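In this chain, residues are counted from 1 in sequence order. Scope of the values below: all heavy atoms of this structure, side chains included, with no hydrogens, waters or symmetry mates. No experiment lies behind these values; they were computed from the predicted model shown.
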Amino acid sequence: MNRRLEVLRSVTIVSVSTYIEYALGLVVSIWIARALGPADFGRYAFTIWLCGWLITCSNHALTTSSTKFIAEADGAGARSIAAHIAWRLGRVQTISSVVVIGLFVLGTWITRPTEWSDLWLPVTALVAVAVVAKANYAMLVAIAKGQERFEPEAIATVLAGLIGVVLIIAATWLHAGLLAFVALFAVACLMLNLFNRVAYRRYCSPPEVGEVPATLRTRINVHLRLTAVLVLLGSLKAGTIEIFLLNALASPTAVGFFAIAQTLTRGAVQLFSVGLTATLLPYMARSYGERGQEHATRFLSEATRFYWAVGLAIAGIGMVTTPGLVTLLYGQKYAQAIPAIEATLVLAGLLLIGNGIAAFQTVVDRQADRVRITVFALAANALLGLLLIPSFGLAGAVLTYAGTRVTELALAVYYLRRATRGGMPLAAMSRLLAVALLATALAWLAGEATPGRFGFVVGGAVFTFVYVPASVLVRYWNNDDMLMIGAITRRLGPPGRWLMAVLKMLQGPARVLP
């Protein structure tokens, strides 16, 4: 139970900071979209997507490998080795960033991207600054997570986010253009790096120069090579083909709509699950270092149940609230993005359990399986994109995204079954799916029956008030979960005791649950 509460503490730290970051990021997205309009916002979205892709290339496998092997070394009681790993991989990350930025600058000088018109030189410089700053920030965050320290990232995201919102609002009042908003993105990346470095020195152990044992070094090198292939291939299927083809064959407006769909979907996933996702890999790696694969498999089973519950909530609430929320926040001129947003939200929720499988495969050194999955998914992504996007535009991009994600999850489950028989509590998941379908139907009816622009709020509330207690009623949560919930609610005083009494009444007598 103490271990569960320790995990819950880390999840809370990450979740609260992410909720704040997402709220601030949503404000920024809305202000920029309204200030620039669909066409220029599409060009801005293309630039930010390019920055994200370059950051992925700069860090490739280094963040994942850092978290895994530092956490594993700590779990085995080898703290000095963990510090040596951090220093070794940090040095590689610096070299990698220099190479990637050099190639990027050379590429833009040769091609002169039409999206930036005559602004290509200042935009190239700003992108380079943003990528170097945020790639280094992500590396330090990964090292801190390996040490099970989540405070630096939380502090940096909140402080940088607050300052960034003020700057964006000021820029919109001054009627700033595309270049100004790209510059503010670069400033935000620099602030993230600065605040994170200050907090890292306060909470984390510094990297130390030293040797890593030969056997461990061999494992790290193999993991780096496989994960680098995996991450770089994955970066191509993470909306890259869709955005590239939309930009080349459709219009900047279609790019902007697809970017909004991806932004809101990513925000919803982070809002509901980032705490679990951010803490799962280090804690699972530590368990693997302490007790081996059997315990990691048990960890996966618990994570899968939580991911499935969260994913169904994302899908249900997304279906009910998206139309009203988008028109209220972005305006009627972005209404054409609503079907794309609804589809991506539902898919992201239903396929969220793939995050737990990916973490498990990383921890137990089955990266080769992840490479195979990614290669097949990338092939499906490219084929679907070439077939659908030229003919159907934005709808084709959404169908491409859907086909790719479904292919990826199906392959992930197949390879998981080859590695272990645990991790997928199918009976409990089926019960909760029935609950989610009922809650979604009732929420939709309530939202439609509510007059005015805020029917989606009523619909979201109905879904929550049906879904949460019904999940307890159908015995989705096991006895250990209820013990942990009881430990939390006891700290809330009389309201917590009342809530726990209701949940116990719904749960019924304690028993072993699947």
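Asn196 contributes no side-chain N or O that, together with a main-chain N or O of Ala156, makes up a donor-acceptor pair within less than 3.5 Å. The backbone N or O of Ala142 lies less than 3.5 Å from a partner atom in the side chain of Thr67, making a donor-acceptor pair. Counting only distance, with no hydrogens or angles, the side chain of Ser391 and the backbone of Leu388 share no donor-acceptor pair below 3.5 Å. Looking only at distances, a side-chain donor or acceptor of Ser96 sits under 3.5 Å from a matching main-chain atom of Ser58.
Rounding to the nearest 0.5 Å gives a distance of 11.0 Å between CG of Asn381 and CZ of Arg405.
Residues Leu179 and Pro122 are in side-chain contact: their nearest non-hydrogen atoms beyond the backbone lie under 4.5 Å apart. Taking 4.5 Å as the limit, every side-chain heavy atom of Ile81 sits out of range of all side-chain heavy atoms of Phe69. In this structure the side chain of Met429 never reaches within 4.5 angstrom of the side chain of Leu432, judged on heavy atoms.
With 3.5 Å as the limit, one finds a donor-acceptor pair spanning the side chains of Gln93 and Ser97.
Counting heavy atoms of neighbouring residues, nucleotides and ligands inside a 6.0 Å radius, atom CE of Met319 does not exceed 12 of them. For Phe376, the CZ atom is loosely surrounded, since the number of other residues' heavy atoms within 6.0 Å does not exceed 12.
Using bins of under 30°, 30° to 60° and over 60° for the plane-to-plane angle, the ring pair Phe463/Tyr467 lands in the parallel bin.
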